[in-house]
Student: 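First the structure, then my questions, so here it is.
In each ligand, atom 1 is the first atom listed, and ligand 1 is the first ligand listed. Just so you know, these numbers use all the heavy atoms, side chains as well, and skip hydrogens, waters and symmetry mates.
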Amino acid sequence: MAAAEPPLIELVDVGRVYRRAGSGRRGVETRALSDVNLRIAPGEFVAVMGPSGSGKSTLMNILGCLDRPTQGVYRFQGRDVGRLGADERAALRRESFGFVFQSYNLLGSATARENVEMPAAYAHLGRALRSERAEALLKAFALGSRLGHRPRALSGGEQQRVAIARALMNGGRVILADEPTGALDTKNGEDVLAVLADLSTRGHTVIVITHDPEVAAWAERRIDLLDGRVVADRHTGGAARAEAGGAVLGPDPLPRSGRGRTRLDFERVAESLRGTLASLRANLLRGSRLRTALTVLSVTVGVWSVVAMLSVVQGGYRASVETVSRIGADRIFIRSGVEYGDRESTPVRLTLADAEAIGRGVDNIRGVLPHVSGQFTLRHADRLVQAMVQSALPETLVIEHLGLSRGVFFSDRDSANQEPVVVIGAAIRDELFPTSAAVGRHVLVGGTPFLVKGVLARFGRPGSVVEDYRDKKVLVPLGTAQALLFGRETLDAITVVAENPKRVGETARAVDNLLARRHGHRGFNLSSDIPSMIGFSTVERLMSALMGAVGAISLFVGGMGVTSVMLVSVGERTREIGIRMATGARRQDILRQFLLEAVAVTVAGGVLGTVLGFASRIVFDAFDVPAALSLWFVFAALACAVGTGLAAGIVPARRAAALDPVAALSR
Ligand code: ADP
Ligand code: MG
């Protein structure tokens with residue numbers, strides 16, 4: 001029968017030499033297999049026998065595409081397996097092979113059902129189908145009541161039947177069993193062999209490796225190995241099989257056409273995420289809880305410090321810009337006049353047109369304030385006060401950081417129509433209207449009646465220097481001041497306020513050039529407080545750099561914590577990785593799993609860190625530290641966390657993905 005059909009498996013002169021690094025140039029060589037020629041037809045039940053060290057496991061690893069021969073050719077269904085890449089071999093394992101090991105090799109952290117489902121997950125079979133099929137298989141092996149049990153809670157025989165169900169999950173055309181009964185008592189061993197025998201009658205090719213003649217007696221063909229060579233290969237008829245009537249049955253293998261190929265990608269991502277969550281949960285359950293918690297904590301501290309630093313830097317920036325503005329370091333003052341010793345120039349006449357030209361022709365400008373001012377006597381009823389009356393525009397309110405305690409400020413029409421209106425400082429109000437409301441009343445300014453439109457908010461305590469300087473303001477619209485009070489077009493001064501205080505120097509140069517061009521000479525003085533600006537921006541830069549460095553270092557330390565924990569985890573979970581690879585995981589599946597785990601840990605830390613960062617606002621406020629928190633910090637923090645996770649996870653994940661499945665399984 002075997003001769004008529006094309007061989008499923010064909011080995012031609014296969015040899016396997018293990019090389020270990022040693023003192024010599026080539027190291028130590030172990031010849032595990034030599035000149036093995038084999039043909040195995042579909043549906044055969046083969047026992048491979050031999051004493052320990054005769055090469056049985058090596059042969060099985062080669063047959064199952066976990067390992068490659070160093071000599072000769074292995075053809076599976078006519079395809080030269082030696083030419084396939086790692087992922088193609090993974091696909092073969094996934095679709096055609098099912099492994100059953102002496103030590104079961106179930107994932108201890110997963111339930112029986114999850115263990116059985118795993119190969120189908122790597123084959124991208126839909127969740128519902130997967131779950132249904134796993135359940136049917138487990139029921140067929142009398143494990144219907146053990147679906148949610150973890151391997152620890154199962155007997156050896158039960159675990160081995162779970163492993164067989166897993167081997168059948170994707171069809172399991174070839175079942176490779178390495179000493180499947182080695183760890184079982186006679187009764188359980190016979191149950192397992194009965195299952196295998198039954199599978200072979202249903203068309204599965206079963207290859208059992210054993211050193212026990214009683215086990216070999218179940219098979220219909222027996223191959224003997226000695227020192228890596230085939231010393232006997234004969235048909236035995238499978239004497240014991242007759243006794244295996246009524247054995248448990250597995251459901252038929254899945255149809256293998258187009259399985260899962262058309263599924264949406266985001267479903268696949270969701271699948272990965274679910275797997276990661278399950279794995280994380282399993283790790284937490286498996287006692288590395290403290291370690292995971294500490295890792296999350298280290299990332300938390302990292303992200304927390306980044307958020308805290310960002311908020312202090314931003315708060316500090318805002319505070320410094322405001323301070324700079326209050327002390328006037330963001331301003332350029334222009335007055336008419338000539339430099340001492342300049343006999344050629346004459347002082348220019350500054351006009352509103354100059355102010356407008358600056359506003360239009362220079363960038364980095366927040367506002368341009370043309371000024372006229374002079375001393376006047378203000379009078380209400382029998383009360384008199386001497387005050388400096390200054391011109392103002394609607395934008396003066398914002399640019400000079402003024403606030404109103406009563407009434408309103410000027411409008412553009414007040415200035416254009418030369419309305420006789422006035423806004424007075426708190427100290428002037430105190431003097432002229434000690435008991436009554438000021439808004440809506442008239443005051444005489446130099447003999448002309450002006451309507452009080454508003455009262456400015458108080459700056460300083462009564463009697464303080466600040467009060468003298470800022471609370472004794474009397475503001476009149478520019479047009480009104482020029483027409484009614486001063487009777488001239490000429491301005492006394494122009495104040496230019498820079499948008500970005502750091503660039504006030506270059507703005508001053510631009511203003512200087514523009515005015516020189518307009519007037520043909522430099523008959524004006526231009527002054528700005530550049531030294532204090534430089535001082536401010538230097539301190540601010542230093543602060544930002546320092547804070548940034550602290551944040552980055554914390555994040556880096558957190559990231560290293562993640563890396564080292566992940567490395568330990570890869571080391572501990574080598575066997576898990578081997579099992580996943582044997583059931584058909586691609587390298588990228590392993591890579592993604594470990595990367596996602598690292599990212600999940602750091603994102604948990606990122607979320608906690610962000611929450612703490614926002615909570616520390618309370619502490620900052622308590623200590624009067626200027627702190628500002630923006631919503632984009634959340635994104636920045638989470639981006640930091642994900643970035644750290646990817647950076648920290650890449651080395652461990654690559655290490656895991658690069659593991660050799662045979663070496664990983666032999667741990
Ligand atoms: P069996 O399964 O029949 O006991 P193996 O296939 O495990 O035999 O091993 C066959 C020979 O190859 C033994 O001599 C063993 O020491 C050697 N061998 C197996 N695996 C390795 C390895 N990874 N590196 C070096 N030698 C190995
Ligand atoms: Mg072995």
Side-chain angles (χ1 to χ4, degrees), residues 9 11 13-38 40 46-72 74 81-82 86 89 93 97-106 156 159-160 163-164 167 174-184 189 192-193 196 206-219 221-233 571 574-575 577-579 581-582 655-656 658-667:
I9 286 169
L11 297 183
D13 296 330
V14 161
R16 176 67 166 99
V17 175
Y18 291 108
R19 288 196 179 81
R20 244 175 302 180
S23 50
R25 208 158 63 89
R26 292 178 134 201
V28 184
E29 285 196 356
T30 312
R31 183 159 279 278
L33 284 181
S34 316
D35 305 320
V36 174
N37 287 285
L38 267 185
I40 298 175
V46 183
V48 177
M49 285 206 66
S52 180
S54 56
K56 305 185 295 291
S57 296
T58 304
L59 178 63
M60 183 183 102
N61 291 337
I62 288 175
L63 289 177
C65 299
L66 287 166
D67 192 13
R68 275 189 287 192
T70 47
Q71 280 115 40
Y74 169 23
V81 174
R89 278 182 284 132
R93 288 198 292 272
F97 292 96
F99 294 89
V100 179
F101 301 92
Q102 175 174 357
S103 50
Y104 325 126
N105 275 343
L106 300 176
Q159 288 190 58
Q160 198 59 302
I164 293 173
V174 182
I175 304 289
L176 294 165
D178 192 350
E179 306 271 9
T181 60
L184 301 175
V192 165
L193 287 166
L196 293 175
V206 179
I207 301 172
V208 175
I209 285 170
T210 183
H211 61 262
D212 181 351
E214 283 195 27
V215 172
W218 284 74
R221 177 177 169 193
R222 176 172 155 175
I223 296 168
D224 286 278
L225 284 184
L226 191 63
D227 292 336
R229 287 174 192 278
V230 176
V231 292
D233 183 351
T574 302
R575 199 180 181 80
I577 295 162
I579 295 169
M581 286 177 161
R655 186 172 285 195
L659 280 175
D660 172 44
V662 176
L665 276 171
S666 65
R667 288 279 182 88

Student: Please check: side-chain N/O of Asp13 versus main-chain N/O of Asp35, any donor-acceptor pairing under 3.5 Å?
Tutor: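 No, the answer is negative, given that no donor and acceptor are paired below the 3.5 Å cut-off.
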
Student: Would you say the side-chain atoms of Arg31 pair up with the backbone N or O of Gly228, donor to acceptor, closer than 3.5 Å?
Tutor: no

Student: Mind running side-chain hydrogen bond (donor to acceptor under 3.5 Å, both in side chains) on Tyr18 and Thr70 for me, showing each step along the way?
Tutor: CA-CA 9 Å; Tyr18 291 108; Thr70 47; over 6 Å; no

Student: Check the pair Ser103, Arg575 against side-chain hydrogen bond (donor to acceptor under 3.5 Å, both in side chains), reporting the backbone distance first and the verdict last.
Tutor: CA-CA 11 Å; Ser103 50; Arg575 199 180 181 80; 3.0 Å; yes

Student: With a cut-off of 2.8 Å, how many protein N, O or S atoms neighbour the Mg ion (ligand 2)?
Tutor: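 Every protein N, O or S atom under 2.8 Å from the Mg ion (ligand 2) counted, the figure is 1.
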
Student: Give a yes or no on whether a salt bridge exists between Arg16 and Asp67, defined as a side-chain N under 4.0 angstrom from a carboxylate O.
Tutor: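 Yes, Arg16 and Asp67 are salt-bridged.
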
Student: Would you mind reporting whether Leu225 and Val231 have side-chain heavy atoms less than 4.5 Å apart?
Tutor: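 Contact flag for Val231/Leu225 side chains = no.
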
Student: Could you pull out every protein residue that has a heavy atom closer than 4.0 Å to ligand 1, ordered by chain and then number?
Tutor: Tyr18, Arg20, Thr30, Ala32, Pro51, Ser52, Gly53, Ser54, Gly55, Lys56, Ser57, Thr58

Student: Quick check: do Val48 and Leu59 have side-chain heavy atoms less than 4.5 Å from each other?
Tutor: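 The answer is yes; the side chains approach within 4.5 Å.
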
Student: Show the nearest heavy-atom pair for residues Pro180 and Gln160, with the distance to one decimal.
Tutor: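 Heavy atoms only, the tightest pair is O-NE2, 2.8 Å.
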
Student: Measuring only between side-chain heavy atoms, which start at C-beta, is Arg19 closer than 4.5 Å to Val28?
Tutor: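 Result no, sub-4.5 Å side-chain heavy-atom pair not found.
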
